[in-house]
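Only one structure is covered here, and it is reproduced in the block below.
All chains are named by letter (A, B, ...) in the order of the sequence lines, taking the proteins before the strands, and each is independently numbered beginning at 1.
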Number of protein chains: 2
Amino acid sequence: MSAAENQALKKVLREHELKATNQRVALLKLLDATNEHFDADEIYLALRQKQKNVSRATVYRSLEALVEQHLVSRVDFGDGRMRFERCQDEDEHHDHLICEKCGQVIEFFNLEMEAQQLSVCEEHDFTPSTHTMHIFGTCAECRKKN
Amino acid sequence: MSAAENQALKKVLREHELKATNQRVALLKLLDATNEHFDADEIYLALRQKQKNVSRATVYRSLEALVEQHLVSRVDFGDGRMRFERCQDEDEHHDHLICEKCGQVIEFFNLEMEAQQLSVCEEHDFTPSTHTMHIFGTCAECRKKN
DNA sequence: AATCTAAATGAGACTTATTTGCACTTGTGT
DNA sequence: ACACAAGTGCAAATAAGTCTCATTTAGATT
């Protein structure tokens, strides 16, 4: 049943000039299947649990390749480890609100903001490829708790 | 001649309920004097070079305290190490364009974008304390080189 | 000015995240 | 099926940041 999905992922990898290895397919599939922001080690452990043959080094190397091809993006919530999420289309790009109290991450999308970014890039004659925008603060629940 | 500056920095530290130690004053002064984005180790080495008595542990601990007090902010350019810059007033907050080819960092300020951020926070009933916005891509010079 | 005490510091061992070298394996073009 | 470059696994190496604990210091108190 996931054979079709596997084929689709392999196609995606090849279109990005990456060899479609089992490890990479499994990694992409894992990220596709979740909304969470895994770090490298969580990805490694999750794949091992799925009986996938993969090493930590490969997880790091694959993530690097996938990020370079914009199939995956890095997100840094400032807690010292890099996290990853599957990329959507660029016009579906979302950003993050991060609660400093409980660690909750709220994703948001704001068309105006995306437009402003393009305008800033134009002003500076800069060709954007990707961006990250994190707003740190306190979420509604945590504020009420005080 | 920098005695006055030192006194001013000590005052700032005390206003934020931080003991005004020589190490912290020297660190703030260093960041005030540059536009670059130093990482912890660069700060450590720069202070040593200025004959300041300071340890790596203190650099990390001081930075942590200063970031918490919003006197300094962390910037992550995605290269695996945390960098730091002196904070301006919140209404003077700037963001970054980062060239993936040459590593150049261009700072920008966009009022519209700041306004959009506040509106996103309101929508999600989120109280912001700080934010980071990085746009990665190719700068004008690097684009022309191709 | 001398004294006191909680907070801050220094040294270096330690932890955790990530990278690298190298021998072995595998995807893919022919 | 074959050849070979690309990818992988393992274990050792590096790098970034944290922690412990003995010592020092800022700044409040007298």
I'd like to check the salt bridge (Lys or Arg N to Asp or Glu O under 4.0 Å) partners of Arg81(B); sequence neighbours left out, ordered by chain and number. Asp39(B), Asp79(B)
Please determine whether residues Leu66(A) and Val12(A) belong to a single hydrophobic cluster, defined as Ile, Leu, Val, Met, Phe, Trp and Tyr linked transitively by side-chain heavy-atom distances below 4.5 Å. yes
Please report the distance, rounded to the nearest Å, between CG in Asp76(B) and P in dT18(C). 11 Å
Heavy-atom protein contacts under 4.0 Å, nucleotides 24-30 of chain C, coded B base, S sugar-phosphate only, - none: --BBS--
Short side-chain donor-acceptor distance under 3.5 Å, His93(A) and Glu114(A): no
Side chain proximity check, Asn110(B) to Asp95(B), heavy atoms < 4.5 angstrom: no
Tell me which residues in residues 25-34 of chain A lie within less than 4.0 Å of DNA chain C, going by non-hydrogen atoms. none
Inter- and intrachain pairs under salt bridge (Lys or Arg N to Asp or Glu O under 4.0 Å), touching residues 44-55 of chain A, at least two apart: none
Just how far, in rounded Å, is C1' of dT8(D) from CZ of Arg24(A)? 10 Å
Rounded to 10°, tell me the angle between the two end axes of the helix from dA1(C)-dT30(D) to dT30(C)-dA1(D), each built from five pairs. 50°
When you measure from the side chain of Arg86(B) to the backbone N and O of Leu71(B), does any donor-acceptor pair fall under 3.5 Å? yes
Any salt bridge (Lys or Arg N to Asp or Glu O under 4.0 Å) pairs touching residues 62-78 of chain A, not counting sequence neighbours? none
Could you state the atom-to-atom distance from NZ of Lys52(B) to C1' of dT9(C) in whole Å? 16 Å
When you compare the protein's N or O atoms with those of nucleotides 9-11 of chain D, which come within less than 3.5 Å of each other, and at what distance?
residue: dG9(D); atom: OP1; partner: Gln23(A); partner atom: NE2; Å: 3.2
residue: dG9(D); atom: OP1; partner: Asn53(A); partner atom: O; Å: 2.9
residue: dG9(D); atom: OP1; partner: Val54(A); partner atom: N; Å: 3.4
residue: dG9(D); atom: OP2; partner: Ser55(A); partner atom: N; Å: 2.9
residue: dG9(D); atom: OP2; partner: Ser55(A); partner atom: OG; Å: 3.0
residue: dG9(D); atom: OP2; partner: Thr58(A); partner atom: OG1; Å: 2.5
residue: dG9(D); atom: N7; partner: Arg61(A); partner atom: NH2; Å: 2.8
residue: dG9(D); atom: O6; partner: Arg61(A); partner atom: NH2; Å: 3.4

Is the closest side-chain heavy-atom distance between Asp125(B) and Lys144(A) below 4.5 Å? yes
More than 12 heavy atoms of other residues, nucleotides or ligands under 6.0 Å from CD of Glu36(A): yes or no? no
For Ser119(A), check side chain to side chain donor-acceptor pair (under 3.5 Å) against everything at least two apart and list the hits. none
Counting only heavy atoms and a strict 4.0 angstrom limit, can you tell me which residues of residues 63-74 of chain B come near DNA chain D? none
Examine Met82(B) and Val67(B) and state if one hydrophobic cluster contains both, with Ile, Leu, Val, Met, Phe, Trp and Tyr joined whenever side-chain heavy atoms are less than 4.5 Å apart. yes
Are Glu112(B) and Met113(A) packed together at the side-chain level, in the sense that at least one heavy-atom pair is separated by less than 4.5 angstrom? no
Set out, in order, the CA-CA distance, both residues' side-chain angles and the distance that settles side chain to side chain donor-acceptor pair (under 3.5 Å) for Glu100(A) and Ser129(B), then state yes or no. CA-CA 9 Å; Glu100(A) 291 170 327; Ser129(B) 72; 3.1 Å; yes
Is Leu63(B) linked to Leu18(B) within one hydrophobic cluster, defined over Ile, Leu, Val, Met, Phe, Trp and Tyr using a side-chain heavy-atom separation of less than 4.5 Å? yes
Any side-chain heavy atom of Lys29(B) sitting closer than 4.5 Å to one from Leu9(B)? yes
Protein-nucleic acid N or O pairs under 3.5 Å, nucleotides 14-17 of chain C:
none

Any link between Leu28(B) and Ile43(B) through a network of hydrophobic side chains (Ile, Leu, Val, Met, Phe, Trp, Tyr) touching at under 4.5 Å? yes
May I have all residue pairs that pass ring pair (Phe, Tyr, Trp, His ring centres under 6.0 Å) and include part of residues 42-70 of chain A, sequence neighbours excluded? none
Tell me, please, which residues at least two apart from Phe77(A) pass ring-ring contact (aromatic ring centres under 6.0 Å, His included). His37(A), His96(A), His134(A)
